[in-house]
Amino acid sequence: KQEVTQIPAALSVPEGENLVLNCSFTDSAIYNLQWFRQDPGKGLTSLLLIQSSQREQTSGRLNASLDKSSGRSTLYIAASQPGDSATYLCAVEGNQGGKLIFGQGTELSVKP
Amino acid sequence: GAGVSQSPSNKVTEKGKDVELRCDPISGHTALYWYRQSLGQGLEFLIYFQGNSAPDKSGLPSDRFSAERTGGSVSTLTIQRTQQEDSAVYLCASSVVRTGELFFGEGSRLTVL
């Protein structure tokens with residue numbers, strides 16, 4: 001059974017810092033991995049989608065890497081801003097497709 | 001529409017009543033998903049539709065829960081004889097294809113008194 005773990009559960013940093021959020025999964029037979037952002041009381045917004053054949057994806061100040069063999073992904077946020085404050089979730093889709101398994105999320109707070 | 005639309009945004013009901021939650025996916029998206037988010041529980045998969053059929057309904061918690069999708073578009077999640085433990089935010093998502101990027105709605109917050 002696939003399990004997804006995110007560390008740390010919460011993180012508080014001053015504005016301008018570069019930071020890394022970690023995601024690990026127990027079954028390496030995945031089709032893709034997605035990172036999402038969730039603001040309080042809102043739905044999820046997709047940030048990056050990495051296919052299993054890819055090593056990383058970049059969008060603006062965000063970079064996500066995937067090491068399928070070790071069951072790890074990281075989300076790197078450069079030059080953090082207060083507007084980045086949110087909960088970040090990673091999710092993996094198995095080779096059967098159709099169902100994403102989510103981690104518990106990392107709650108990020110960026111202080112001005 | 002521009003995004004995934006869910007209604008109602010908030011629903012308060014009494015224990016034992018039936019509720020229906022609606023999801024209107026992005027036009028042209030063939031795949032539709034229902035998730036449940038409870039306080040401290042994370043996101044829990046409920047059911048997935050490809051077109052009008054549900055290849056995976058393994059996450060439905062009990063036979064009180066059912067869902068359907070018609071015309072390859074709108075989906076309805078029905079909870080019969082609601083219980084207090086059904087209180088949660090029910091999130092719907094859609095994607096162009098089964099393995100594509102997911103777009104989520106804002107959710108329907110259900111409170112069972």
Side-chain angles (χ1 to χ4, degrees), chain A residues 1-10 23-27 29-54 57-59 62 64 66 68 86-107, chain B residues 1-7 9-10 21 23-26 29-51 53-60 67 69 88-109 111:
Chain A
K1 178 187 168 187
Q2 178 74 271
E3 292 183 1
V4 181
T5 303
Q6 291 188 245
I7 295 173
C23 172
S24 62
F25 45 95
T26 55
D27 186 348
I30 65 169
Y31 195 86
N32 62 43
L33 181 146
Q34 296 188 50
W35 282 93
F36 295 87
R37 167 188 174 135
Q38 186 174 31
D39 293 284
K42 302 289 187 182
L44 279 68
T45 301
S46 178
L47 297 174
L48 291 163
L49 168 66
I50 312 177
Q51 302 291 349
S52 62
S53 59
Q54 297 175 317
Q57 282 283 352
T58 298
S59 176
L62 305 179
L66 174 63
K68 204 173 73 163
T87 297
Y88 290 80
L89 297 119
C90 75
V92 298
E93 181 171 2
N95 283 334
Q96 300 299 321
K99 174 166 69 176
L100 266 67
I101 305 297
F102 281 83
Q104 294 284 333
T106 294
E107 186 176 353
Chain B
V4 177
S5 178
Q6 291 188 246
S7 61
S9 55
N10 269 290
L21 307 177
C23 174
D24 207 334
I26 294 172
H29 281 198
T30 63
L32 185 147
Y33 308 78
W34 283 99
Y35 284 84
R36 179 167 72 174
Q37 189 171 33
S38 307
L39 204 60
Q41 295 293 321
L43 271 105
E44 175 188 12
F45 169 80
L46 297 178
I47 188 170
Y48 144 68
F49 287 93
Q50 180 61 47
S53 63
D56 189 349
K57 52 179 79 171
S58 62
L60 294 177
R69 188 180 186 194
V89 177
Y90 290 82
L91 291 162
C92 175
S94 68
S95 61
V96 174
V97 293
R98 190 192 68 188
T99 55
E101 182 182 7
L102 257 63
F103 295 84
F104 278 82
E106 297 275 291
S108 291
R109 180 176 296 278
T111 303

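Everything numeric in this text was worked out from a predicted model, so none of it was measured. Each chain gets a letter, A, B and so on, in the order the sequences are listed, and its residues count up from 1.
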- Query: What part of A:Leu48 lies closer than 4.5 angstrom to a heavy atom of chain B: side chain, backbone, both or neither?
  - Reply: neither
- Task: Tell me, for A:Leu44 versus chain B, whether the close heavy atoms (under 4.5 Å) come from the side chain, the backbone, both or neither.
- Result: both
- Closest non-hydrogen atoms of B:Glu101 and A:Gln34, given as atom of the first, atom of the second and distance, are CA-OE1, 3.8 Å
- Item | Exceeds 12 heavy-atom contacts within 6.0 angstrom, atom NZ of A:Lys68 | yes
- Message: Can you give me the closest heavy-atom contact between B:Leu102 and A:Phe36, atom names plus distance?
- Response: O-CE2, 3.9 Å
- Applying a strict 4.5 Å limit to non-hydrogen atoms, the region of B:Gln50 in contact with chain A is neither
- Message: Please rank A:Leu100, A:Asn32, A:Leu49 by heavy-atom pairs under 4.5 Å with chain B and give me the top one.
- Response: A:Leu100
- Task: Give, as side chain, backbone, both or neither, the part of B:Ser58 having an atom under 4.5 angstrom from any heavy atom of chain A.
- Result: side chain
- Indicate the atoms forming the closest heavy-atom contact of B:Tyr35 with A:Lys99, along with that distance. OH-C, 4.1 Å
- Task: Count the heavy atoms of every other residue, nucleotide or ligand shown that sit under 6.0 Å from CD of B:Glu44, and state whether that count exceeds 12.
- Result: yes
